[in-house]
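Down below is the structure, laid out as structure tokens.
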Amino acid sequence: MAAVLPTRRDNPFDPPPDLADEERPLRRLAFPDGHTGWLVTGYALARAVLADVRFSSRLELRRQVVRRTETDEIRPGKPAPPGFFIAMDPPDHTRYRRLLTGQFTVRRMNQLRPRVEQIVDEHLDAMERTGPPTDLVSAFALPIPSLVICELLGVPYADRQRFQHDSAVLLSLDATVEDANAALASLTGYLAGLVERKRREPADDLLSGLIEGGELTGDELVGVAMLLLIAGHETTANMLGLGTFALLTHPDQADDLRSGRVDEDKAVEELLRWLSVIQFGTTRTAAEDVELGGEVIRAGESVAISVPAANRDPERFAEPGSLDLGADAHGHLAFGHGVHQCLGQQLARIEMRVAYGALFRRFPALRLAVPPQEVPLRDDMSIYGVHSLPVEW
Ligand code: HEM
């Protein structure tokens with residue numbers, strides 16, 4: 001009989017112990033709606049599925065792999081809203097992706113770096129002013145990605161509080177369906193207004209760039225902006241929160257990072273691999289019968305790809321279970337693979353490279369303010385991490 005996805009962890013950093021089975025990198029999985037699909041835990045098979053567009057990303061075919069709160073507008077079983085291309089297949093996906101890639105240029109990313117540094121410094125200054133103890137999630141890990149997305153989209157300063165408030169509710173842990181729906185409606189309204197403003201007064205930001213291209217409708221622009229917000233905010237925030245927790249419990253490695261003994265870029269890749277915050281992975285649905293790993297996946301069957309298990313596959317990574325900031329983690333699947341591979345990965349890397357280093361250099365004595373077992377974990381959220389991280393220095 002197919003089992004449900006294991007979600008119970010033994011410790012904060014390792015995936016659930018019975019998630020991976022080296023003998024069976026592909027096995028049957030019971031989905032919450034009663035469907036029997038598949039679970040991929042091996043690295044090679046995970047890459048193969050993600051690279052194969054016969055495994056569809058369309059939202060209307062998708063199933064939840066664990067039960068979680070969703071909004072009425074964006075949820076599996078319903079077609080993706082205009083612009084929400086993470087849940088579309090080629091050629092629809094290709095059209096948006098091409099337009100967006102044209103906006104995520106090296107030039108724009110380089111322009112954002114000094115702003116990221118400034119945002120990080122401002123938050124470190126504020127921590128210094130208020131003094132210890134503080135919650136690193138609300139003081140640092142959450143606001144930084146949110147403000148960086150404001151920079152990217154060109155959200156004016158005066159609007160940032162409203163924008164941050166709505167997006168915080170939409171992405172919050174314990175929002176009810178009603179609250180999530182209301183926040184989605186409010187943000188949609190805000191973004192529609194922003195698009196109109198950018199039409200009248202274009203600036204050097206992503207939305208203005210897309211408007212200037214003239215290929216997307218107002219609804220599509222709103223959908224794209226919403227996707228960037230949803231995909232780019234909690235992911236990066238939880239990497240910052242959980243990554244800091246990991247470094248605080250591995251003080252030798254934090255020292256190596258602070259003193260420059262390990263390369264910051266490499267360290268970020270290893271943290272991405274080891275932590276794999278997309279804890280339930282991503283899901284695809286076979287659009288036709290496909291042979292995979294000696295099995296036939298029938299058309300209509302769903303396949304859950306476990307990113308955490310694939311990133312700990314001993315066939316691919318030496319010592320996959322230990323955190324070693326100097327190790328070679330390249331090729332990890334934390335940003336996915338194939339046509340949907342994370343569009344924002346260069347930006348996320350800039351944020352992490354700047355933030356971890358600056359935090360540990362500013363507060364060399366940074367430490368947990370509670371015993372590690374008291375740090376509340378996001379076991380039940382699709383993006384894993386810590387709810388809060390009390391620290392002192
Ligand atoms: C550490 C932070 C991040 C992680 C771990 C992450 C992870 C991922 C993963 C695994 C996917 C592929 C999903 C799939 O195949 O179904 C993805 C896609 C995507 N991500 Fe990220 N992401 C991060 C940050 C960001 C940021 C900062 C942005 C934008 C500013 C962003 C925007 C997107 C978009 C737009 C897609 C959809 C791409 C497509 O469908 O072509 N992400 N991300």
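Note that ligands are numbered from 1 as they come in the structure, with each ligand's atoms numbered from 1 the same way. Remember, predicted model here, so these are calculated numbers, not experimental data.
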Kindly say whether the aromatic ring centers of Tyr43 and Phe317 come within a distance under 6.0 Å.
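Yes, they do, as the ring centres are separated by less than 6.0 Å.
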For this output row, return yes or no: ring centroids of Tyr96 and Phe84 closer than 6.0 angstrom.
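No, too far apart.
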Distance-only criterion, 3.5 Å: show the donor-acceptor pairs between side-chain atoms of residues 24-34 and protein atoms not counting sequence neighbours.
{"residue": "Arg24", "atom": "NE", "partner": "Asp21", "partner atom": "OD2", "Å": "3.0"}
{"residue": "Arg24", "atom": "NH2", "partner": "Asp21", "partner atom": "OD2", "Å": "3.4"}
{"residue": "Arg27", "atom": "NH1", "partner": "Leu19", "partner atom": "O", "Å": "3.0"}
{"residue": "Arg27", "atom": "NH2", "partner": "Asp18", "partner atom": "O", "Å": "3.1"}
{"residue": "Arg27", "atom": "NH2", "partner": "Leu19", "partner atom": "O", "Å": "2.8"}
{"residue": "Arg28", "atom": "NE", "partner": "Gly37", "partner atom": "O", "Å": "3.1"}
{"residue": "Arg28", "atom": "NH2", "partner": "Thr36", "partner atom": "O", "Å": "3.2"}
{"residue": "Arg28", "atom": "NH2", "partner": "Glu301", "partner atom": "OE2", "Å": "3.3"}
{"residue": "Asp33", "atom": "OD1", "partner": "His35", "partner atom": "N", "Å": "2.9"}
{"residue": "Asp33", "atom": "OD2", "partner": "Arg63", "partner atom": "NE", "Å": "3.2"}

How far apart are the closest heavy atoms of Ser306 and Leu39, and which atoms are they?
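Minimum heavy-atom separation between Ser306 and Leu39: CB-CD1, 4.2 Å.
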Give every pair made of an N or O atom of ligand 1 and a protein N or O atom lying under 3.5 Å apart, one pair per line with both atom names and the distance to 0.1 Å, or write 'none'.
{"residue": "ligand 1", "atom": "15 (O)", "partner": "Arg284", "partner atom": "NH2", "Å": "2.7"}
{"residue": "ligand 1", "atom": "16 (O)", "partner": "Thr282", "partner atom": "OG1", "Å": "2.8"}
{"residue": "ligand 1", "atom": "16 (O)", "partner": "Arg284", "partner atom": "NH1", "Å": "3.1"}
{"residue": "ligand 1", "atom": "40 (O)", "partner": "His93", "partner atom": "NE2", "Å": "3.4"}
{"residue": "ligand 1", "atom": "40 (O)", "partner": "His340", "partner atom": "ND1", "Å": "2.6"}
{"residue": "ligand 1", "atom": "41 (O)", "partner": "His93", "partner atom": "NE2", "Å": "2.6"}
{"residue": "ligand 1", "atom": "41 (O)", "partner": "Arg97", "partner atom": "NH1", "Å": "2.7"}

Heavy-atom count check: over 12 atoms from other residues, nucleotides or ligands less than 6.0 Å from Glu288 CD?
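Correct, the count exceeds 12.
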Hey, what's the ring geometry for His93 with His340, parallel, tilted or perpendicular (30° and 60° as the breaks)?
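The arrangement is tilted - the two ring planes meet at 30° to 60°.
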